[in-house]
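The next block holds one structure in the form of structure tokens; read it before the comments.
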Protein chains: 2
Amino acid sequence: MSEGVEWALHSCLNLTWLEPGQAVSAARLAAFYRLPTAYLNKQLQALVRAGILTSTPGPRGGFRLARPPEAVSVLDVVVAIEGAEEAFRCEQILRAGPGGRADVDYRQVCLVSQAMRRADLAWRRELAGQTLADLRTAVEQRYPDTPANTRERFAAPLS
Amino acid sequence: MSEGVEWALHSCLNLTWLEPGQAVSAARLAAFYRLPTAYLNKQLQALVRAGILTSTPGPRGGFRLARPPEAVSVLDVVVAIEGAEEAFRCEQILRAGPGGRADVDYRQVCLVSQAMRRADLAWRRELAGQTLADLRTAVEQRYPDTPANTRERFAAPLS
DNA sequence: GAATGCATACTCGGATACGCCGTGTCCGAGTAATTAAGG
DNA sequence: CCTTAATTACTCGGACACGGCGTATCCGAGTATGCATTC
């Protein structure tokens, strides 16, 4: 899995603690974890295309959440970065086997494919069950200073 | 995910229908689905290293299952090909963040990492719950001719 | 006829290239804030 | 003092290189087989 998923999840989580109507530039989000600015920007663009973030250019511009944190699941973020295709891609090798027919969709019929799909669905179900709001509250409960620290860090000038 | 997983699963399933003590060469296994012989051989070697198959060189040699099909889970095959690392690899970017400590293992502490790990465990649990024997019986129930066809195909000369 | 040694053909196994996607970087188009000028 | 228009600086967005891993292939080491030879 791409490394951008980790960056995107942490960045979205940080944006959760922003006061409404405020935006954070890619440079500030990158400085938070000492990440390469331009590459993080690329990932954030994917989140914008997925409708998770909105971007505003110009001074005082940047990124903010497009939806309330309760409406953004972890799966949404993962799919925005990694794409919607499942990890196991059935190439339908049964077609080339004995008795293989070209008019059959072996992605549905092949029992191996079905087994892998079941696992993939379980994975997606687990990720879809957690939202950014869940993560936020969990972090706040364990590290109560995080919201204030994050806001302060975003307000401070770029060293 | 690597394409070799599909090849390995189907090949192991085919080996399931072999009579005990018999081996099939990589060339025959590859011809079954018109796969590149040398590359499939590479995947089969990984299965041997994982203890799923045993290989015997020389004439009448080849590959066979090292364990009964009930003792080989789909997860075993996937891990043999893909490796044991989980899909989401936590790079511990929290270390570079504000208040990050170098002596903390953020793979255990980070809540994002935990969420991804939960999903990964669900995926693995689903794959570990199905064995080659389960797949074999499911195929036999839906396509009763498969065992005989497979054995015949393996016995016939390489066209 | 049986045993033995040898030549043979077949098998796996690892070492060796090619190509694609993830990683990383850069510069330009566009916009909002700022400032200065004018009424 | 208020309005307005040009300037400016800052932002995102897409286009451009580099490297690592999956993909694919080949050839050599090793072995069980089959055969020829000998007793």
Side-chain angles (χ1 to χ4, degrees), chain A residues 1-8 11 15 18 21-31 33-66 78 80-83 85 87-89 91 93 154 157-158, chain B residues 1-8 11 15 18 21-31 33-66 78 80-83 85 87-89 91 93 154 157-158:
Chain A
M1 177 172 315
S2 176
E3 189 180 4
V5 173
E6 188 180 5
W7 302 1
S11 296
L15 288 176
L18 221 60
Q22 201 165 357
V24 178
S25 71
R28 285 182 183 281
L29 282 168
Y33 299 115
R34 319 234 183 215
L35 301 176
T37 302
Y39 193 28
L40 177 63
N41 190 14
K42 193 179 181 64
Q43 316 289 353
L44 296 175
Q45 285 172 34
L47 295 175
V48 170
R49 278 192 291 271
I52 296 173
L53 301 182
T54 60
S55 63
T56 56
R60 302 271 301 166
F63 296 92
R64 74 195 74 183
L65 284 175
V78 172
I81 302 295
E82 284 290 298
E85 314 91 36
F88 178 83
R89 51 205 159 116
E91 295 289 344
I93 65 176
F154 280 148
L158 285 174
Chain B
M1 177 172 314
S2 176
E3 187 180 4
V5 173
E6 189 180 5
W7 302 1
S11 295
L15 288 176
L18 221 61
Q22 199 165 358
V24 177
S25 71
R28 284 182 184 280
L29 282 168
Y33 299 115
R34 318 232 184 217
L35 301 176
T37 302
Y39 192 29
L40 176 64
N41 190 13
K42 191 180 181 63
Q43 316 291 354
L44 296 175
Q45 285 173 33
L47 294 175
V48 171
R49 277 191 293 269
I52 296 173
L53 300 183
T54 59
S55 63
T56 56
R60 302 271 302 167
F63 297 91
R64 74 194 75 182
L65 284 175
V78 172
I81 303 294
E82 285 289 298
E85 314 91 35
F88 178 83
R89 51 205 158 116
E91 295 289 345
I93 65 175
F154 279 147
L158 285 175

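Here the structure is a predicted model, which means the values were calculated and not measured. Below, chains carry the letters A, B, ... as their sequence lines are ordered, and counting in each starts from 1.
- Consecutive Watson-Crick or G-U pairing (both distances under 3.5 Å) extending over three or more pairs maps onto DNA chain C as C:1-39 with D:1-39.
- Between B/Glu85 and B/Glu82, the closest heavy-atom pair is OE1-O, 4.0 Å.
- Scanning all heavy atoms of the two residues, the minimum distance from A/Arg28 to A/Val24 falls at CB-CG1, 3.6 Å.
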Distances for protein N or O near nucleotides 31-35 of chain C N or O, under 3.5 Å:
none

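- The ring pair (Phe, Tyr, Trp, His ring centres under 6.0 Å) pairs that include a residue from residues 42-65 of chain A number zero, where partners must be two or more places apart or lie in different chains.
- In this structure, A/Arg64 and A/Gly21 approach most closely via the heavy-atom pair NH1-O, 3.3 Å.
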side-chain contact (heavy atoms from CB on, under 4.5 Å) between B/Leu53 and B/Leu65, intermediate numbers included | CA-CA 4 Å; B/Leu53 300 183; B/Leu65 284 175; 3.6 Å; yes
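- The backbone N or O of B/Glu6 sits nowhere less than 3.5 Å from a side-chain atom of A/Glu91 that would complete a donor-acceptor pair.
- A/Ala26 comes within 4.0 angstrom of the backbone, heavy atoms only, and of no base.
- Put simply, NZ on B/Lys42 and OG1 on B/Thr37 are 15.0 Å apart, with the number rounded to the nearest 0.5 Å.
- To the nearest 0.5 angstrom, B/Leu15 atom CG is 8.0 Å from B/Leu44 atom CG.
- Here the shortest heavy-atom pairing between A/Arg89 and B/Met1 reads NH2-O, 3.2 Å.
- Note on B/Arg49: only backbone sugar-phosphate atoms sit closer than 4.0 angstrom, heavy atoms only; bases stay farther off.
- Contacts classified as ring pair (Phe, Tyr, Trp, His ring centres under 6.0 Å) and involving residues 39-61 of chain A (residues at least two apart or in different chains) are given here: A/Trp7-A/Tyr39.
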Check: protein-nucleotides 19-25 of chain C nitrogen or oxygen pairs below 3.5 Å:
residue	atom	partner	partner atom	Å
C/dT23	OP1	A/Glu3	N	3.3
C/dT23	OP1	B/Arg89	NH2	3.3
C/dT23	OP2	A/Ser2	OG	2.6
C/dT23	OP2	A/Tyr39	OH	3.3
C/dT23	O5'	A/Tyr39	OH	3.4

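- Nearest approach of A/Ala80 to A/Ala46, heavy atoms of both residues: O-CB, 3.8 Å.
- Contact record, B/Ile81 with B/Gly4: CG2-C, 4.1 Å, taken as the closest heavy-atom pair.
- When DNA chain D is scanned in the 5' to 3' direction for atoms under 4.0 Å from non-hydrogen atoms of chain A, the outermost contacting nucleotides are D/dC10 to D/dT23.
- The structure places CD of B/Gln43 at 5.5 Å from OG of B/Ser2, a figure rounded to the nearest 0.5 Å.
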